[in-house]
A.B. asks: 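Pasting a structure below so you can have a look.
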Amino acid sequence: MTPSDRTGLTRPFRTTLVAGLLTGLSASGLWAADPAELAADPHLSVVPRTKDEAKRIAGVTAPATDFSEPEPFEGNPAGAATVRVLPDSNAFSQFSANLSFEQELEFKVGNGLFRKLWVSSPSSTLASDGLGPLYNARSCQRCHLKDGRGHPPEGPEDDATSMFLRISVPAPEGGEMSEIEAFLLSIGDETPRTRPDPVYGGQLQDFATPGQTAEYRLGVAWEEVPVTLSGGETASLRSPTWRADDLGHGPLAEGVMLSPRVAPQMIGLGLLEAIPAADILAHADPADRDGDGISGRPQAVWSFDHERPMLGRFGWKAGAPTIREQSAAAFAGDIGISTPVFEAPWGDCTEAEAACRAGPHGDGDERGTEVDAEGLDLVTFYSRNLAVPARRDMDDPEVLRGKQVFHDTGCTACHTPKFVTARLEDRPEQSFQLIWPYTDLLLHDMGEGLADNRPEGAASGREWRTAPLWGIGLTPQVNGHSYYLHDGRARSLLEAVLWHGGEAQPARDRVVEMPPEDRAALVKFLESL
């Protein structure tokens, strides 16, 4: 990797380039590299499992067959890290229950950095300067409200602080490839390549520091789409058309692709990071060899920390391999803050935005970058240890009925209920835990209705990573709204289900056709997670 790779414009936003398609693995003949490369976990200090442990894990993660009562340990979705449910909006802001006293202090310091309001340079508060020059929010907490879920603007008086538009254009034919694109080519990936917009970069920022020009204002038009359900019931889905209004630097490039993204909830990330990559890959079936219509595909992303391809886990299209790299990318793109991972002090400013690049930045003091390694590690630790609250009402007969409906309808084909994390030498709080995230962390075709028509690495314009469901029923309590999916279009859990298409279309149709009481039980089960 050249020095320019470490400081140049594109590095913070090469998540548009760095995901790969593992459609073949060894059996298909498309894999030209070592398959073990993606099954490795260079970010973890793993103690290999014994044969006895592997057998025990296979038993405890086997699909449920008895729905008359909860499964053992189901009430603790994060294992020993599970916390009690708080009755207020702080339910997602607790630290893992199995942290030591010293780790609690580290968590709280990380929380302070997560909540810090950054200011523009130059400033007398040197530890907090470096904002922007272009940004979407002044702190991590402003996007991840109460560590929960963002929302689209609720009217002309509401801003878009907790969501933004990703932006890219088709890559020119014959252009220079990045490291990961060369890797993808070696495994037969045919997903169209993209590049950041030559003027606006990889993400549109709607705020700017004094003297700078904001890039745009988020616009949206909603259309109601009626849906007829069984039993005389009806629903209405709101279909959005997203716009980039009030462009600050002229028109967007030809062929531009926009993708709306709300900030996702933050709980349980460290446990997702601790799932062995091999266990995730075991659920992949890109060629649908079992004929069930589900073709989960893993992402391969370039890790800038480890200088190698890794399995993508985080982000709506699994564009980041670790919490540390996801956090650094958010610092760069959302706040315009440099880190040791993404060192450009101007964040997403392109060469065409010369005033932004030439503006004052906060990277000239003893910190080196605007957030130094210690600060990034503290924010990473905080993000890794935001706890998952305990289940509610899991022994309620209607919830148990809803759980059976969830399984019988085929939802678990993507929303895998259980994993056991790796046994780790240095992270006991995430080590060897039975967890219930309800995700396979794979990419799935969700149909034209949810398509953003913007490829991101291996993910086509119709594919999204399966979202974890743990804690989803607490969204109204934590965030004061019930907006779901990648752009917050769904106003209820039922609407979110009804938007499913593509691989999930048969399951969605079963929900439409099932007796109303089963549909109500399904929603109540989801609310209990």
A.B. asks: Going by an N to O cut-off under 4.0 Å, is there a salt bridge joining K317 and D452?
C.D. replies: yes
A.B. asks: Determine, for Y483 and R238, whether the Lys NZ or Arg CZ falls below 6.0 Å from the six-membered ring centre while staying within 45 degrees of the axis.
C.D. replies: yes
A.B. asks: Looking at the rings of H444 and W464, which for Trp means the six-membered one, are their centres under 6.0 Å apart?
C.D. replies: no
A.B. asks: CZ/R489 to OG/S239 distance, rounded to the nearest 0.5 angstrom?
C.D. replies: 6.0 Å
A.B. asks: If you measure from the Lys or Arg side-chain nitrogens to the Asp or Glu carboxylate oxygens, is any gap between K403 and E74 under 4.0 Å?
C.D. replies: yes
A.B. asks: Between E517 and K524, is a salt bridge (charged side-chain N to carboxylate O under 4.0 Å, His left out) present by the stated rule, with each step listed?
C.D. replies: CA-CA 11 Å; E517 55 270 24; K524 189 160 185 178; over 6 Å; no
A.B. asks: Relative to each other, are the rings of Y438 and W436 parallel, tilted or perpendicular (30° and 60° limits)?
C.D. replies: tilted
A.B. asks: Between the main-chain N or O of F95 and the side-chain N or O of N385, is there a donor-acceptor pair closer than 3.5 Å?
C.D. replies: no
A.B. asks: Do S89 and Q477 pass the side-chain hydrogen bond (donor to acceptor under 3.5 Å, both in side chains) test, and can you show the C-alpha distance, the side-chain angles, and the key distance before you say yes or no?
C.D. replies: CA-CA 6 Å; S89 62; Q477 174 183 315; over 6 Å; no
A.B. asks: Answer yes or no: is there an ion pair linking R313 with E273, defined by an N-O contact shorter than 4.0 Å?
C.D. replies: no
A.B. asks: Identify whether NZ of Lys or CZ of Arg in R465 sits under 6.0 Å from the centre of the six-membered ring of W316 and within 45° of that ring's axis.
C.D. replies: no
A.B. asks: Keeping the roles fixed (side chain from E53, backbone from K51), state whether a donor-acceptor pair exists under 3.5 Å.
C.D. replies: no
